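Just so it is clear, the structure is predicted and the values come from calculations on it, not from any experiment.
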2 protein chains.
Amino acid sequence: MLKYALLGFLNYTPMTGYDLKQFMDASTSNFWHAKQSQIYATLKKLEQDELVRSHVEPQEGRPDRRVYQITEKGREDLQDWLSQPVMDVEPRKEKLLLKLFFSADQSVEKILTQLRIQRSLHEETLERYQNQTKEVIAQFSASEDMAEHGRYWEATRRFGELYEEMYIRWVDETIEKLEE
Amino acid sequence: MLKYALLGFLNYTPMTGYDLKQFMDASTSNFWHAKQSQIYATLKKLEQDELVRSHVEPQEGRPDRRVYQITEKGREDLQDWLSQPVMDVEPRKEKLLLKLFFSADQSVEKILTQLRIQRSLHEETLERYQNQTKEVIAQFSASEDMAEHGRYWEATRRFGELYEEMYIRWVDETIEKLEE
DNA sequence: GAATACATGTAAAATGTTACATGATTTT
DNA sequence: AAAATCATGTAACATTTTACATGTATTC
């Protein structure tokens with residue numbers, strides 16, 4: 001699936017694995033993320049499958065850049081994937097909930113601390129979506145050929161915002177019940 | 001991490017890999033899930049590490065059962081994990097959002113169809129949390145020695161409920177904006 | 001008569017994480 | 001003087017998914 005994230009970005013414009021990581025961190029990390037090493041490995045595989053092509057741009061004083069661009073075959077594959085509807089609900093994994101589920105023998109004080117830590121982490125995340133991510137999207141949508149993309153980027157950002165608000169609400173509710 | 005889900009359940013009572021799968025599907029699938037094959041593989045590893053022990057119970061007409069029970073070492077490991085606070089925000093992966101992010105060139109009609117499919121899938125999931133999962137928890141909490149656990153199980157179920165409500169709200173909001 | 005439940009697992013592939021390695025330039 | 005940024009990657013490991021294989025008993 002990372003495959004399609006990379007093809008999606010390369011469909012905008014050619015760039016390096018390093019650039020792709022920056023873009024993902026700034027825009028899709030809310031719903032899709034990857035480590036730098038995985039991005040490099042996946043790009044290599046995409047090139048083998050001829051969905052992307054690369055060339056090296058020599059640089060002085062800095063490491064050379066390997067710039068990837070999407071091929072016609074890559075565009076078709078991406079288009080194909082985009083047009084297929086998602087037919088399932090994505091399963092979640094939430095360590096904190098797993099812990100909480102088995103926490104009946106822990107002290108309530110310890111659990112409350114856990115929850116308060118999560119609350120502040122999710123508050124930070126929420127603020128990031130509301131400020132930083134929002135700005136990044138606004139900047140990119142400013143250019144004319146990217147304006148149409150802005151609507152969709154904003155929809156995904158909004159999801160992150162709603163998610164974090166929901167999470168904080170759930171923590172507050174749970175803390176309240178435990179304090180009774 | 002599946003490791004701790006299995007230890008957590010085995011800390012209630014000894015059971016087979018098959019039983020563990022049933023329990024997880026009925027209770028933790030909202031925030032932690034695993035395939036049957038992964039459960040068997042993980043149990044094998046847990047036994048090698050002496051965190052669980054197993055014995056075979058012969059059966060007639062049905063395959064023999066391999067019943068696992070947690071060891072003292074396993075209990076300590078679980079306890080240790082439970083007492084450590086979670087210090088990060090769990091990253092999500094949402095295929096639909098990834099698709100939506102890159103969908104500016106798709107027809108609005110196609111995207112709306114995508115969103116409507118997701119809406120109905122998440123509505124089903126929400127209802128499951130509100131009815132089936134709620135009942136399962138009520139049943140298990142009925143026995144005296146499990147009553148205290150019920151509070152925590154309910155908190156995790158509530159998370160699923162809030163999540164699905166949020167998701168549906170987001171879909172509705174997004175559909176509305178696209179229809180403008 | 002067909003499908004589901006019960007119960008176990010193996011093998012291969014895909015995916016993702018962690019740790020390591022290099023080295024100049026720029027910022028703190 | 002130390003840390004972060006730019007830029008690449010490899011290797012080992014861990015986790016997860018998919019597909020295969022088996023066979024009885026019960027339910028529809």
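- Separating the NE2 atom of B:H33 from the C1' atom of D:dT15 is a distance of 11 Å, rounded to the nearest angstrom.
- With hydrogens and angles ignored, no donor-acceptor pair closer than 3.5 Å exists between the side chain of A:T42 and the base of C:dT15.
- Comparing A:Q59 and A:A41 against DNA chain D, the residue whose closest nucleotide sits nearer the 5' end is A:Q59.
- In this entry the distance linking NZ of B:K45 with C1' of D:dT15 reads 9 Å, nearest Å.
- In this structure, A:F101 and B:F31 have tilted ring planes: the angle between them lies in the 30° to 60° band.
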Verdict with reasoning, B:D19 to B:R65, per salt bridge (Lys or Arg N to Asp or Glu O under 4.0 Å): CA-CA 10 Å; B:D19 297 335; B:R65 291 159 52 85; 3.6 Å; yes

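- Atom NZ in A:K93 sits roughly 10 Å away from atom P in D:dT15 (whole-Å rounding).
- Closest approach to the B:K35 side chain among D:dT8, D:dT17, C:dG9 is made by D:dT17 (side chain taken as heavy atoms from C-beta onward).
- We find that CE of A:M1 is positioned 9 Å from P of C:dG16, with the value rounded to whole Å.
- Atom CZ in A:R65 sits about 12 Å away from atom P in D:dG9, given to the nearest Å.
- Nearest to the side chain of B:P63, among C:dG16, C:dA7, D:dT8, sits C:dA7.
- The nucleotide whose nearest atom lies closest to any side-chain atom of A:T16 is, among D:dT16, C:dG16, D:dA7, D:dA7.
- A:L97 and B:L162 fall within the same hydrophobic cluster, defined by Ile, Leu, Val, Met, Phe, Trp and Tyr side-chain heavy atoms under 4.5 Å apart, directly or through other members.
- Counting to the nearest Å, the P atom of C:dA13 and the NZ atom of A:K3 are 17 Å from each other.
- Residue-to-nucleotide proximity on DNA chain C shows that, of A:W32 and B:Q36, the 5′-proximal contact is made by B:Q36.
- The A:Y18 side chain lies nearest to D:dT5 when the options are D:dT5, C:dG9, C:dT18.
- D:dG23 atom P lies 15 Å from atom CG of B:D64, rounded to whole Å.
- The aromatic rings of B:Y12 and B:F9 sit perpendicular to each other, their planes meeting at more than 60°, with 30° as the lower class boundary.
- If you measure from atom CG of B:L6 to atom P of D:dT15, you get 12 Å, rounded to the nearest angstrom.
- The side chain of B:Y40 places no N or O atom within less than 4.0 Å of a non-bridging phosphate oxygen (OP1 or OP2) of C:dG9.
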Intermediate values then yes/no, salt bridge (Lys or Arg N to Asp or Glu O under 4.0 Å), A:E179 and A:R116: CA-CA 13 Å; A:E179 278 175 341; A:R116 288 187 192 116; 3.3 Å; yes

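- Side-chain atoms of B:S37 and base atoms of D:dT18 include a donor and an acceptor less than 3.5 Å apart.
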